[in-house]
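Written out below as structure tokens is the structure these notes cover.
Naming: A, B, ... by sequence-line order, numbering from 1 per chain. We use all heavy atoms of the structure for the numbers below, so side chains are in, but hydrogens, waters and symmetry mates are not.
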2 protein chains.
Amino acid sequence: MRTPAELTERFRAQGLKITPQRVAVFDALHDNPTHPTAESVHSAVVARMPTVSLRTVYQTLNDLAEMGEISRLEVGTGSARFDPNVEERHHHLVCESCGMVRDLHVEVAPELGDDVPEGFEVVGAELVVRGRCRSCADKD
Amino acid sequence: MRTPAELTERFRAQGLKITPQRVAVFDALHDNPTHPTAESVHSAVVARMPTVSLRTVYQTLNDLAEMGEISRLEVGTGSARFDPNVEERHHHLVCESCGMVRDLHVEVAPELGDDVPEGFEVVGAELVVRGRCRSCADKD
DNA sequence: CTTTGTGCAAAGCCTTTGCACTCGC
DNA sequence: GCGAGTGCAAAGGCTTTGCACAAAG
């Protein structure tokens, strides 16, 4: 992910305003490998700036996602997850017990051509590997 | 997918009752390649049995999913999609414009071992290929 | 100063659930 | 008959939105 300073630049370039709330969201995402939900980002932000509302967090996350600075994942854990790592092409591993999401750096380059219908423009492909993480497995 | 008659058997074997509503859901799913939402299944069922409620459809779909007779997909199109094809291992192609979901018979067998953490039990892997289908592309 | 952002609370969408009635077994 | 299934409507979780005030450029 870009640094908070770079994001500030990008926002300014788009005519978006720089507010302490937005910077707090940038900070909360920076080098955050946990694939947080909007709710977790909000908690992290509120810890240091108690008045920030969920609305502001959602809006900032959506702005970032539209600018392509983060990506939004739907992995079936109820809420959307946000991934600050958009530079490296990667996939995800999901623990169905605790909802943990982890990056997976595998190359998934199947010969798609064979089964993709004529005229379908492929934009991207996401692999989600599901299972149970060690600490959840240990609990049983 | 199993035939409605086979599903009837399976339901009976589980001590679940056979009702015309449930059979109507079985019929609506049988050999249905559209990956319908709960709502579409409901519409199809209502066409022939106008009093069936969404509740009943959801419950039957959930029962089927728990029994492993259908699978539930979350592909980011808003509502969950139900896939009656659980026999063939396959993946999915999603049109981000119209929400169409199509089966994709590609082998995605990356060497997961390399990047999966110690102790993580892999249950399954789903590939979602996103893009835009021909008829949506033609609209622009 | 004008335009954009913020906070609150209310509404929206999809799905599940509580209750009383009905029906399969 | 008994217990499971059904229909309705209301509630639940996550996300978005309308409004009035505050703040950035």
Side-chain angles (χ1 to χ4, degrees), chain A residues 4-5 7-28 35-43 45-46 48-67 70-82 99 101, chain B residues 4-5 7-26 28 35-43 45-67 70-82 99 101:
Chain A
L7 291 179
T8 297
E9 259 329 295
R10 295 270 285 128
F11 262 59
R12 222 188 289 275
Q14 302 249 333
L16 297 173
K17 297 184 178 169
I18 308 306
T19 63
Q21 291 92 335
R22 288 181 159 179
V23 174
V25 172
F26 300 165
D27 287 343
H35 305 79
T37 61
E39 204 71 59
S40 339
V41 173
H42 182 236
S43 305
V45 166
V46 158
R48 287 198 286 162
M49 194 178 295
T51 66
V52 180
S53 73
L54 243 189
R55 179 201 212 291
T56 300
V57 172
Y58 269 111
Q59 177 164 301
T60 306
L61 291 172
N62 288 342
D63 290 343
L64 284 167
E66 249 170 59
M67 292 165 56
I70 63 177
S71 59
R72 183 199 187 112
L73 312 175
E74 312 270 358
V75 291
T77 50
S79 8
R81 316 289 293 241
F82 294 88
V101 179
Chain B
L7 290 179
T8 297
E9 260 329 295
R10 294 271 283 128
F11 262 57
R12 223 188 288 276
Q14 302 249 334
L16 297 173
K17 297 184 178 167
I18 308 306
T19 63
Q21 291 91 335
R22 288 182 159 179
V23 174
V25 172
F26 299 165
H35 305 78
T37 62
E39 204 71 59
S40 341
V41 173
H42 182 236
S43 304
V45 167
V46 159
R48 285 199 286 161
M49 195 179 293
T51 65
V52 180
S53 72
L54 244 187
R55 180 202 211 292
T56 299
V57 171
Y58 268 111
Q59 176 165 300
T60 306
L61 291 172
N62 287 342
D63 290 342
L64 284 167
E66 250 170 59
M67 292 165 57
I70 63 178
S71 59
R72 183 196 187 115
L73 312 176
E74 311 271 359
V75 292
T77 49
S79 8
R81 315 289 293 242
F82 295 88
V101 179

Value rounded to 0.5 Å, distance of CZ in B:F82 from CG in B:L61: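 That separation rounds to 4.5 Å.
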Can you tell me how far NE2 of B:H35 sits from OG of B:S40, rounded to the nearest 0.5 angstrom?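 One gets 12.0 Å once the value is rounded to the nearest 0.5 Å.
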What is the distance, to the nearest angstrom, from the [atom1] atom on [X] to the [atom2] atom on [N]?
X: B:K17; N: D:dT6; atom1: NZ; atom2: P; result: 10 Å
X: B:Q14; N: D:dG5; atom1: CD; atom2: P; result: 11 Å
X: A:R81; N: D:dG13; atom1: CZ; atom2: P; result: 18 Å
X: B:L54; N: D:dA10; atom1: CG; atom2: C1'; result: 14 Å
X: B:F26; N: D:dG5; atom1: CZ; atom2: C1'; result: 13 Å
X: B:L16; N: D:dG3; atom1: CG; atom2: P; result: 16 Å
X: B:R22; N: D:dG7; atom1: CZ; atom2: P; result: 11 Å
X: A:I18; N: C:dG5; atom1: CD1; atom2: P; result: 9 Å

Would you mind telling me which residue lines up with the more 5' stretch of DNA chain C, B:A80 or B:P20, judged by nearest nucleotide?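 Closer to the 5' end of DNA chain C: B:A80.
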Answer yes or no: is there a side-chain heavy-atom contact under 4.5 Å between B:M49 and B:P20?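 Heavy-atom side-chain distance check passes, below 4.5 Å.
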Base, sugar-phosphate alone, or nothing: which one does B:T51 contact when heavy atoms must sit under 4.0 Å apart?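 The answer is sugar-phosphate, as B:T51 gets under 4.0 Å only of primed atoms, P, OP1 or OP2.
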Regarding A:Q21, tell me which of base, sugar-phosphate or nothing describes its non-hydrogen contacts under 4.0 Å with the strands shown.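 If one applies the 4.0 Å heavy-atom cut-off, A:Q21 turns out to touch the sugar-phosphate alone, with no base involved.
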Given side chain to side chain contact (heavy atoms under 4.5 Å, CB included), test B:Q21 with B:T60 step by step and report yes or no. CA-CA 9 Å; B:Q21 291 91 335; B:T60 306; over 6 Å; no
Any side-chain N or O of B:T19 below 4.0 angstrom from OP1/OP2 of C:dC23?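 Checking B:T19 against C:dC23: no side-chain N or O falls below 4.0 Å of OP1 or OP2.
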Taking only side-chain nitrogens and oxygens of B:T56, does any of them come within less than 4.0 Å of OP1 or OP2 of D:dG7?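 For D:dG7, OP1 or OP2 has a side-chain N or O of B:T56 closer than 4.0 Å.
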Test A:R22 against every option in A:D27, A:D63, A:T56 by the side-chain hydrogen bond (donor to acceptor under 3.5 Å, both in side chains) rule and name the one that passes.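 The residue from A:D27, A:D63, A:T56 that satisfies side-chain hydrogen bond (donor to acceptor under 3.5 Å, both in side chains) with A:R22 turns out to be A:D63.
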What residues in residues 57-66 of chain A put a non-hydrogen atom under 4.0 Å from any atom of DNA chain D?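 Heavy-atom cutoff 4.0 Å gives A:Y58, A:N62.
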Side chain to side chain contact (heavy atoms under 4.5 Å, CB included) between B:N62 and B:R72, intermediate numbers included: CA-CA 9 Å; B:N62 287 342; B:R72 183 196 187 115; 3.3 Å; yes
Counting distance alone, no hydrogens or angles: does the base of D:dG18 have a donor or acceptor under 3.5 Å from a partner atom on the side chain of A:R55?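 Present.
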So, does B:H42 use its side chain to make a donor-acceptor pair with the main chain of B:Y58 at under 3.5 Å?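 Not confirmed, B:H42 side chain does not pair with B:Y58 backbone.
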